Amino acid sequence: MKNLPVFLMGSGGVGRQLLQHIVSCRSLHAKQGVHLRVVGVCDSKSLVVVADVLTAELDDSFLLEVCRVKSNGSSLQTLANSGVCQVFSGPEVIRKVIDIGRLGKSTGLAFVDCSASAETIGVLNQVVDFGCCVVLANKKPLTVQMEDYDKLVSHPRRLRHESTVGAGLPVIASLNRIISSGDPVNRIIGSLSGTLGYVMSEVEDGTPFSQVVNAAKSHGYTEPDPRDDLGGMDVARKALILARLLGRRLNLDNMKIESLYPEEMGPDVMPLEDFLVNGLPLLDQKIEDRIKQASANGNVLRYVCLIDDARCEVGIQEVPKDSALGRLRGSDNVVEIYSRCYEKQPLVIQGAGAGNDTTAAGVLADILDIQDLFP
């Protein structure tokens, strides 16, 4: 049985779902000859870790208790009296995490970042130097300035980040295989936001933009403040990750990012309730006019990322009705990759591109993928 130690950063929705997947897949992994040994879990304020990272593990009942505690909004510190782990908080957390990382080369430790923080890049770059593997669901470490990015990806075989683009869809793996084969990729276009995909397909059916956004919020499809989705930054980060895989030396501030609301309706200017009730309806006519113009051209509107030799941008584009993007409905993601081999008919990857369950499944597959690097 091959034992693979795992350290988890981030115990939000994706992190908790990952722990549940690890527990529920024990018998499957045993048949595959693999055991994932979770040695620690941390959030932004606290850390729980076994006393001996080299041999011990947090057992399954404790992992499920971590999920319960965090689901209730409580701190990991409440587990201090469990008797099965050490608990750290405050400035001690980062120091202890780095100490754990120092054991990476000898143990094959996998650092898994399921947080949504830009602050993890410092720790990740250190543990990469120590010989750890890194698995990411968090997009932000891959969209930092190029100097930090270059350091993070300096050992590409020890880095997996499938779930940063398209949740569990095999977008990164497919793109890497094409690149490794020497097939030059000349264009990528994709709808990489389930929220914006849903919004654009609904307004196409004639429902006003404001009503669609409010309905999406009530169904839980958007962030608590829908402007976090409508601003396009999440899609921009995914586009930047793909562009950098193609060798483009870009930062976010080099990209054209179209927001679906104007600056005067931003979170720093207009309160959320005011935006939902009074701001959104003011945007209906403009969106409706663009839909009519696209229809007159035989096209439909989609919020997409577009990457080619000259551009890396995100925003509303007209696409042919009969294309994979044009046929897209609901919250699915779809990516079209054009290359020498896929020149006339692109490689199309489509499916559920959001959700904690799907994302965590992609992370788990990445963790298992790195096991072959270690004896």
Side-chain angles (χ1 to χ4, degrees), residues 165-169 171 188-236 238-239 256-262 265-266 270 272-306 313-336 345-346 348-359:
V165 179
L169 295 177
V171 177
I188 298 174
I189 183 169
S191 176
L192 294 174
S193 166
T195 301
L196 294 178
Y198 168 83
V199 168
M200 298 311 297
S201 62
E202 288 295 307
V203 295
E204 180 189 325
D205 293 336
T207 308
F209 178 70
S210 58
Q211 290 184 27
V212 173
V213 173
N214 275 291
K217 183 178 187 301
S218 67
H219 292 320
Y221 295 163
T222 73
E223 296 294 327
D225 187 337
R227 288 172 291 193
D228 291 344
D229 298 294
L230 301 177
M233 185 54 71
D234 185 62
V235 179
K238 295 173 184 177
K256 180 182 177 183
I257 304 170
E258 180 183 0
S259 172
L260 298 188
Y261 63 87
M265 293 185 189
M270 183 178 284
L272 174 59
E273 195 61 32
D274 192 16
F275 172 73
L276 295 173
V277 175
N278 302 312
L280 276 173
L282 298 177
L283 307 177
D284 287 345
Q285 190 60 52
K286 181 180 179 181
I287 296 291
E288 184 180 342
D289 290 345
R290 293 180 73 172
I291 290 172
K292 289 179 178 178
Q293 182 60 54
S295 181
N297 296 334
N299 296 324
V300 293
L301 294 183
R302 294 291 181 263
Y303 194 97
V304 301
C305 76
L306 177 59
E313 58 189 42
V314 300
I316 294 178
Q317 298 268 350
E318 290 189 23
V319 299
K321 285 183 179 180
D322 60 352
S323 67
L325 280 163
R327 295 190 299 268
L328 186 66
R329 307 296 299 175
S331 60
D332 273 7
N333 281 193
V334 63
V335 178
E336 298 177 3
Q345 294 294 330
V348 178
I349 303 166
Q350 180 174 350
N356 293 338
D357 191 6
T358 308
T359 304

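This structure is a prediction, so every number in the text was calculated from the model and none was measured.
Distance check, rounded to the nearest 0.5 Å: CD of Glu288 to CG of Leu283 gives 13.0 Å. Atom CE in Met233 sits 11.0 Å away from atom CG in Asp228 (nearest 0.5 Å). Expressed to the nearest 0.5 Å, how far OG of Ser210 lies from CZ of Phe275 amounts to 10.0 Å. Atom-to-atom distance recorded for Ile287:CD1 and Lys292:NZ is 13.0 Å, nearest 0.5 angstrom. Taking CZ of Arg327 as the reference point, atom CG of Asp322 lies at 7.0 Å (rounded to 0.5 Å).
Within the 4.5 Å cutoff, the side chain of Ser191 has no heavy atoms near those of the Met200 side chain. Counting only heavy atoms from C-beta outward, the side chains of Tyr198 and Val212 approach each other to under 4.5 Å. Contact of the Lys238 side chain with the Val171 side chain is not registered, since no non-hydrogen atoms from C-beta on lie closer than 4.5 Å. Under the 4.5 Å side-chain criterion, counting only non-hydrogen atoms from C-beta, Leu260 is in contact with Ile316. With a 4.5 Å cut-off on side-chain heavy atoms, Asp234 and Asp229 do not count as touching. Side-chain contact between Leu276 and Pro226: present, with at least one pair of heavy atoms (C-beta onward) separated by less than 4.5 Å.
Between Asp205 and Arg329 there is a salt bridge, with a side-chain nitrogen of the basic residue lying less than 4.0 Å from a carboxylate oxygen of the acidic one.
Taking every heavy atom of both residues into account, Asn333 and Gly194 meet most closely at ND2-N, 3.4 Å. Of all non-hydrogen atoms in Thr358 and Ala352, the two that sit nearest each other are CG2-O, 3.9 Å. In terms of heavy atoms, Gly326 sits closest to Val300 at CA-CG2, 3.7 Å. Of all heavy-atom pairs between Thr359 and Ala167, the closest is OG1-CB, 3.5 Å. Of all non-hydrogen atoms in Ser323 and Glu336, the two that sit nearest each other are CB-OE2, 4.1 Å. Taking all atoms of both residues into account, the shortest heavy-atom contact from Val334 to Ala324 is CG2-CB, 4.0 Å.
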- Step-by-step side chain to side chain contact (heavy atoms under 4.5 Å, CB included) determination, Lys321 to Glu204: CA-CA 11 Å; Lys321 285 183 179 180; Glu204 180 189 325; over 6 Å; no
- Item | Glu318/Leu301 under side chain to side chain contact (heavy atoms under 4.5 Å, CB included): CA gap, chis, key distance, verdict | CA-CA 5 Å; Glu318 290 189 23; Leu301 294 183; 3.7 Å; yes
- Task: Would you sort out whether Leu230 and Leu196 count as a side chain to side chain contact (heavy atoms under 4.5 Å, CB included), showing the intermediate values?
- Result: CA-CA 7 Å; Leu230 301 177; Leu196 294 178; 3.8 Å; yes
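Thr195 contributes a side-chain N or O that, together with a main-chain N or O of Tyr221, makes up a donor-acceptor pair within less than 3.5 Å. A donor-acceptor pair under 3.5 Å is absent between the side-chain atoms of Asp284 and the main chain of Pro208, judged by distance alone. A donor-acceptor pair under 3.5 Å links the side-chain atoms of Ser218 to the main chain of Ala215, judged by distance alone. Without hydrogens or angle criteria, Arg302 side chain to Leu328 main chain gives a donor-acceptor distance under 3.5 Å. Side chain of Thr207 to main chain of Val203: no donor-acceptor pair is present (N/O by atom type, distance under 3.5 Å, no hydrogens or angles).
No hydrogens or angles considered: nothing links the side chains of Asp289 and Gln293 as a donor-acceptor pair under 3.5 Å.
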